[in-house]
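Every chain is numbered from 1, with letters handed out A, B, ... down the list of sequences.
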There are 2 protein chains.
Amino acid sequence: MSSSNTISHEIAESLRDEILRQQYRSGERFPSERDLAARFDASRGAVREALSQLEQLGLIRTQPGGARVQSVDSASLAVLGPLMQLNDLPNPVLVDQFLETFGVLAALTAKNAINTANAEQLIQLKELVVQLTDESVDLEGMQPRWREFMKTLSEIADNLVVRLISNDLKAQFVDQMMRLGIRPDLKKSSIKRLLSSLRVSINKKDGELASEAMLEHFEELRAAMSEAIGLKASEIRKMVV
Amino acid sequence: MSSSNTISHEIAESLRDEILRQQYRSGERFPSERDLAARFDASRGAVREALSQLEQLGLIRTQPGGARVQSVDSASLAVLGPLMQLNDLPNPVLVDQFLETFGVLAALTAKNAINTANAEQLIQLKELVVQLTDESVDLEGMQPRWREFMKTLSEIADNLVVRLISNDLKAQFVDQMMRLGIRPDLKKSSIKRLLSSLRVSINKKDGELASEAMLEHFEELRAAMSEAIGLKASEIRKMVV
DNA sequence: CGGACCAAATTGGTCTGACCAAATATAGGG
DNA sequence: CCCTATATTTGGTCAGACCAATTTGGTCCG
């Protein structure tokens with residue numbers, strides 16, 4: 001389950017989750033390195049390495065005299081992944097915000113990619129869209145193709161800022177949803193419409209059209225995802241009862 | 001000039017910049033901790049703390065046997081600030097991408113803020129826009145008010161994802177531009193138009209309108225900024241000659 | 001000559017114990 | 001009750017040591 005198998009990473013992970021769970025008030029003093037070393041039965045060096053990671057995440061600020069906890073929403077974007085994996089079910093509000101934000105970035109990427117693509121790249125995109133149209137593959141199996149398509153768009157658009165943002169959100173999100181068995185029920189007609197729009201926009205080299213199609217798609221995805229999470233939540237509630 | 005005054009931070013900063021300057025090929029072996037300790041005349045512990053920060057930034061990956069450099073565009077968003085401050089003049093392409101990306105996020109924020117704001121918040125926004133309309137203050141002095149306005153929008157929109165993204169870009173950008181004396185020459189009429197649109201959108205509670213105005217504004221800002229950087233570049237070139 | 005295999009050197013991961021300087025807490029005096 | 005001087009806590013750093021995993025280099029065999 002854990003990321004790296006080193007002690008310092010385990011400590012960092014553990015403390016990170018505690019902070020994200022709001023177990024410390026913002027501004028509160030963080031336990032001393034010596035105390036943490038005792039608690040985790042580790043050396044101070046290992047603890048210090050963990051703390052320097054937390055500091056890089058913007059979760060704590062250290063000073064001679066004591067470290068202090070920072071408010072979560074002044075942290076680095078890199079905490080978003082862990083934040084969504086805190087509980088057995090991701091926070092629906094957060095998921096919705098994620099999709100909304102990711103949607104506008106995806107739309108921007110699509111627009112720029114299609115507007116700046118050369119002839120060869122347009123052919124490549126067209127090919128990828130054709131593969132996405134293949135009806136004999138189920139939603140799960142389609143994921144790698146979608147990722148490939150988005151990756152190609154991103155490479156053509158060549159916007160480092162968007163790419164860096166995406167890195168911090170990366171596969172974590174989709175993977176987690178898959179793992180939890182949360183599958184948004186997108187209507188086939190909806191997907192067809194998106195693919196059709198993409199096809200047209202590529203043919204016409206009309207980035208604006210692709211952007212709008214992408215935005216619309218993410219709107220539908222948000223609704224579907226919200227429903228899917230609600231469904232999963234009620235499932236879990238039943239199991240408990 | 002440096003951030004923190006601790007040795008480990010200085011080492012991290014130094015190595016970070018070297019990687020961002022592409023002084024190591026991606027995938028290349030990174031110098032050993034013992035070598036780095038000797039080079040910086042520091043203890044291995046200090047070096048290890050620095051390396052764990054670089055790892056958190058996604059710039060290196062460490063393993064028993066040796067650390068390896070990762071490609072910059074697979075790093076964390078937090079490298080963007082340092083990336084723009086590498087040279088005496090920021091990379092214009094990067095600045096443009098930054099503004100483009102930030103623009104769509106700002107537009108999204110404005111849309112959601114105005115659409116979800118309650119009566120009291122609308123009044124507050126209206127008040128802030130009025131303050132921005134004050135003609136007796138120069139562009140420089142207006143900055144804090146703009147920041148206040150954007151911050152309020154962000155709080156009303158209440159999208160943690162966007163906020164986290166903004167954290168990693170934060171004041172760094174504007175501050176650096178100010179420090180370098182790069183001042184985009186936005187026409188007064190352009191700003192007036194933006195403020196007027198914002199006023200109307202607040203009155204009508206029409207988020208979409210605000211979003212479009214914001215997008216348009218950032219388009220103009222991109223053009224102006226590009227020009228300003230070009231101007232500064234030629235200035236510097238003259239000084240050298 | 002090339003590939004598989006083994007031993008030695010290198011490297012990261014961790015620990016212990018120690019010292020300094022800055023910040024904090026505490027006790028004392030006004 | 002407030003302010004100051006002192007003692008304690010805390011982060012920052014260093015040195016030296018050990019282990020386990022990886023690399024490296026050389027050797028042997030086909």
Ignoring hydrogens and angles, write down the donor-acceptor pairs under 3.5 Å from the side chains of residues 99-106 of chain B, residues two or more places apart or on other chains.
| residue | atom | partner | partner atom | Å |
| --- | --- | --- | --- | --- |
| E100(B) | OE1 | N112(A) | ND2 | 3.3 |
| E100(B) | OE2 | N112(A) | ND2 | 2.9 |
| T101(B) | OG1 | N159(A) | ND2 | 3.3 |
| T101(B) | OG1 | Q97(B) | O | 2.7 |

Output all residues satisfying side chain to side chain donor-acceptor pair (under 3.5 Å) with [X], sequence neighbours left out; order by chain, then residue number.
X	result
S136(B)	D134(B)
E33(B)	R44(B), R48(B)
R29(B)	none

Using a cut-off of under 3.5 Å, enumerate the N/O to N/O pairs linking the protein to nucleotides 11-14 of chain C.
| residue | atom | partner | partner atom | Å |
| --- | --- | --- | --- | --- |
| dG12(C) | OP2 | E33(B) | N | 2.9 |
| dG12(C) | N7 | R34(B) | NH1 | 3.1 |
| dG12(C) | O6 | R34(B) | NH2 | 3.1 |
| dG13(C) | OP1 | T62(B) | OG1 | 3.4 |
| dG13(C) | OP2 | R48(B) | NH1 | 2.9 |
| dG13(C) | OP2 | R48(B) | NH2 | 3.3 |
| dG13(C) | N7 | R44(B) | NH2 | 2.7 |
| dG13(C) | O6 | R44(B) | NH1 | 3.0 |
| dT14(C) | OP1 | I7(A) | N | 2.3 |
| dT14(C) | OP2 | S8(A) | OG | 3.4 |

Any salt bridge (Lys or Arg N to Asp or Glu O under 4.0 Å) pairs touching residues 66-78 of chain A, not counting sequence neighbours?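 Salt bridge (Lys or Arg N to Asp or Glu O under 4.0 Å) check on residues 66-78 of chain A returns D73(A)-R163(B).
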Under a 4.0 Å heavy-atom criterion, DNA chain D is touched by chain B from dG12(D) to dT24(D)
Please tabulate, one pair per line, all N/O donor-acceptor pairs under 3.5 Å involving side-chain atoms of residues 86-93 of chain B, not counting sequence neighbours.
| residue | atom | partner | partner atom | Å |
| --- | --- | --- | --- | --- |
| N91(B) | OD1 | V93(B) | N | 2.9 |

Apply ring pair (Phe, Tyr, Trp, His ring centres under 6.0 Å) to Y24(B) and list each qualifying residue two or more places apart in sequence or on a separate chain. F30(B)
